[in-house]
Amino acid sequence: MSIAAAQKRSFGAVLWDYLTTVDHKKIAHLYLIGGGFFFLLGGLEAMIIRIQLIKPENDFVSAGFYNEVFTMHGTTMIFLAAMPLLLGLMNAAVPLQIGARDVAFPFLNSLGFWLFMFGGLLLNMSWFFGGAPDAGWTSYVPVSTTSPGHGVDFYVMGLQIAGAGTLIGGINFLVTIINMRAPGMTFMRMPLFSWTTFITSVLILFAFPALTVGLFLLMFDRMFGTAFFDVSLGGNTIIWQHLFWIFGHPEVYILILPTFGIFSDVFSTFSKKRLFGYTAMVFATILIAFLGFMVWAHHMFTVGLGPVANSLFAIATMAIAVPTGIKIFNWLATMWGGSITINTTMLWSLGFIPTFTIGGMTGVMVASVVADYQYHDTYFVVAHFHYVIVGGTVFGIMAGLHHWWPKMFGRILNETMGKLTFWTFFIGFHLTFFIQHFLGLMGMPRRYWVFLENQGLDLGNLISTIGAFFMAFGVIVFMINVVYSAVKGEKAGADPWDGRTLEWTIASPPPFYNFKQTPLVRGLDPLWIEKTEGKGKMTPAEPLGDIHMPNPTFLPFMMSLGLFVAGFGFIYQVNYDWAYGLLFGGMAITLVCMLLRSLKDDHGYHIPKEELEGKAK
Amino acid sequence: MSHDQSLNPEIMPNEPEKATLEGKNKFLGFWFFLGGETVLFASLFGTFLALRHSTADGPTANELFGLELVFIMTMLLLTSSLTSVYAVYQMRNNNFKKMQLWFGITAVLGFAFLGCEIYEFTHYITEYGFTFRSSAFGSAFYALVGFHGGHVTFGLAWLIALMLRNAKRGLNLYNAPKYYTFSLYWHFIDVIWVFIFTVVYLMGKVG
């Protein structure tokens, strides 16, 4: 695979390239495709929910199907859309931002993606094999242990496989950021997106194993007849809630912190100013992450943990508003007096500030124990978490996509369509969810299939559904924009936004070895320093030399495929003995691939420096 | 970094496991992995502590456990950790043969431990009818101790693959980090066992 091989290739060759790639930039493309696919799927499920609730006592879908749809909507959006899309942006930007040629473990990077993809596919196979999971995205026991059919089994196995992939991705970014920064790139010179990726990876590392254990216990109870959650044999159902939320609450910050990083980079770029309060931003991120681990039981106020536990968790939860407030003020101060450009990226970021602030305020309201007894399991809570997760994460992903699209694909997304996407989505979002606060206060419960006539809920639900159609329209315009830009989009130079950080010092899209020579970093916003001092480009930190590259490999795909097959085996061994064949066969594929990986030395290859000479940066 | 893996033994560095960037990455990445494993076992310990008295009229910990066997198992595993320290010491001395020997002894001790555990489990099942499904206590016990046993099994498979693969190749900068991360893993398993010994067996005996 030399540089000269960049000619037109057949579809099969491109496909094989993506199936075997270990290049973090191509893995970023894969994450966007996978995460984008599941985002559309989750969006479709959301539309079914909203159409069902368009009028009182609607019969658009059956009650059982409705349970499956809202369960899959939550699960898909959190695990298979939001997180993978964020991992895609991280893969696209972080190694470039810190001046690295690659991630620390290219093989594991690929493995992490394929585990996510096959885990997600396994979960969604449930639609074709007799019913999707229907116990809510939190899969509370005993609803989930007594759920008939195999829906919850698909949930358990799919999330287990996808979760392993996420954990691998987290470790990879931790090591990459610690060990692979360019000379001069100290921790306190890292762009905020790299910082938040780092902290998010810490959260992934310490949160996901709790989910792993929870899923194992649920799997044992459902598939092997154990008694963890079986009260008649001494089991305890609250254990599931604890394990789930010890994972689940940090998960909220796994979703939101990376986008805080995106917004920080966007605001400083498009205000032409250094980020205000950089140090405070870093420490606020760390503090939010730390507190994020301390507050899981605020999801369990009504369980009956007692007033002391409830009060402590309530206070700890409200404390998170402080570092988050620091961040909001720092973003505003970054723009204050700056030379601001308003484009689509900036619109998503500006729209985020009021939206997320509303979500944060309702968060403090929900954190107040006494009031929570009123809000609990109503549409108020639904409105709250959509304000933070859509208003924070989805807006952030959209800002990040518009910001780094030229770097990733070499084309700029169309501005007119971008603005149309933003405005329809933004208005639709507030139409859909603002009114749900009031629906919740009026007593409309979440997860219910129908509501009754003449209870004051008709108009609110109608408006909410109309808003959802606006959002769907916005997403369709974005998809058209993606296709349009691929065909006719404006070609992007190395630095289309007059950027400040290292990713804008190399061509768009970057060469597969990233940096011909590792840059020397002299401060925060290294490219901006060189621009203001008149040079405009980075000084290399090393002489031109051979570049070491990892070999492409098909093993990660096969390992994940093995687990996918074994997943079916685990699910169906309950009813059929032949399923043991799938179970052992699938595990054998995975283990043999692991053995091959450890027995066969893979030293990679080198690009000789003669080939690099004369090539543009 | 990796094109000069087969280093001349005379110029082998003091810490061969961390001499290359790949080695440093493996070393650090593995420490993080163990951090995640800590949460995994902490969750299992938490579950066990919540359920350890939920015997549902089945056998209790006090009736089941015999400390003699557990003492032998503890000694086997602690000693295997010590021998893996000797192995890493020999790695630092660039003495490949002795390193393989000490890792070999580690593997033998690991298998002895695993044998005792298999004996223990079959004993509980055949003598007391105490299984994974007997009670919430049974589920939690087999989950926690079994996860540990699964880690031991995986570690032994890893070690044997490593030793056979490199038997004729000697020590180099490519496989030194692999041996080293294995030793980290093995110590981790040992630490977990110390907690299991205390929380499951000693506390089980005392009540």
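In what follows, chains carry the letters A, B, and so on, assigned in the order in which the sequence lines appear, proteins first and then strands, with residues in each chain numbered from 1.
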Side chain, backbone, both or neither: which part of [X] has an atom under 4.5 Å from a heavy atom of chain B?
| X | value |
| --- | --- |
| A:F105 | side chain |
| A:L595 | side chain |
| A:L599 | both |
| A:D230 | neither |
| A:I239 | side chain |
| A:F216 | side chain |

Contact between [X] and [Y] at the side-chain level, heavy atoms closer than 4.5 Å - yes or no?
| X | Y | result |
| --- | --- | --- |
| A:P608 | A:E611 | yes |
| A:L563 | A:L115 | yes |
| B:N25 | A:M180 | yes |
| B:M73 | B:E120 | yes |

Where does [X] contact chain A at under 4.5 Å (heavy atoms): side chain, backbone, both or neither?
| X | value |
| --- | --- |
| B:A161 | both |
| B:F27 | neither |
| B:S134 | backbone |
| B:L28 | both |
| B:R169 | side chain |

Judged by modelled atom types alone, do [X] and [Y] share a side-chain donor-acceptor pair under 3.5 Å?
| X | Y | answer |
| --- | --- | --- |
| A:N91 | A:N109 | yes |
| B:S84 | B:T106 | no |
| A:N551 | A:H603 | no |

Can you tell whether the side chains of A:K609 and A:E542 come within less than 4.0 Å, N to carboxylate O? no
Taking atom [atom1] of [X] and atom [atom2] of [Y], what is their separation to the nearest 0.5 Å?
| X | Y | atom1 | atom2 | value |
| --- | --- | --- | --- | --- |
| B:K205 | B:L67 | NZ | CG | 6.0 Å |
| B:L159 | B:F111 | CG | CZ | 8.5 Å |
| B:E22 | B:E17 | CD | CD | 14.5 Å |
| A:D23 | A:Y513 | CG | OH | 12.5 Å |
| A:F107 | A:T553 | CZ | OG1 | 5.0 Å |

Between [X] and [Y], is the ring centroid distance below 6.0 Å?
| X | Y | result |
| --- | --- | --- |
| B:F103 | B:Y179 | yes |
| B:Y89 | B:Y86 | no |
| A:F187 | A:W195 | yes |
| B:F41 | B:F195 | no |

Sort by residue number and list every residue of residues 160-169 of chain A having at least one heavy atom under 4.5 Å from chain B.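 So no residue qualifies.
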Anything in residues 220-227 of chain A with a heavy-atom distance to chain B below 4.5 Å? Please list those residues in order.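 Counting heavy atoms that sit under 4.5 Å from chain B, the residues of residues 220-227 of chain A involved are A:F220, A:F224, A:G225, A:T226, A:A227.
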Do any of residues 141-149 of chain B come closer than 4.5 Å to chain A, heavy atom to heavy atom, and if so which ones, in number order?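 Result: B:A143, B:F147.
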Neighbours of chain A found in residues 181-194 of chain B - heavy atoms under 4.5 Å: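 When heavy atoms of chain A are the reference, residues 181-194 of chain B contributes no residue within the under-4.5 Å range.
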List the atom of [X], the atom of [Y], and the distance in Å for their closest heavy-atom pair.
| X | Y | result |
| --- | --- | --- |
| A:I246 | A:A210 | CG2-CB, 3.9 Å |
| A:L174 | A:S201 | CG-CB, 3.6 Å |
| B:R92 | B:E15 | NE-CG, 3.9 Å |
| B:M99 | B:M91 | SD-CB, 3.5 Å |

For chain A, which of B:S139, B:S43, B:S54 has the most heavy-atom pairs under 4.5 Å? B:S139
Who among B:A50, B:A157, B:G58, B:G36 has the most heavy-atom pairs with chain A under 4.5 Å? B:G36
Would you indicate whether B:K98, at its atom NZ, is surrounded by more than 12 heavy atoms from other residues, nucleotides or ligands within a distance under 6.0 Å?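 Open.
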Does B:Y174 have B:K26 sitting over its ring (NZ/CZ under 6.0 Å from centre, angle to axis within 45°)? yes
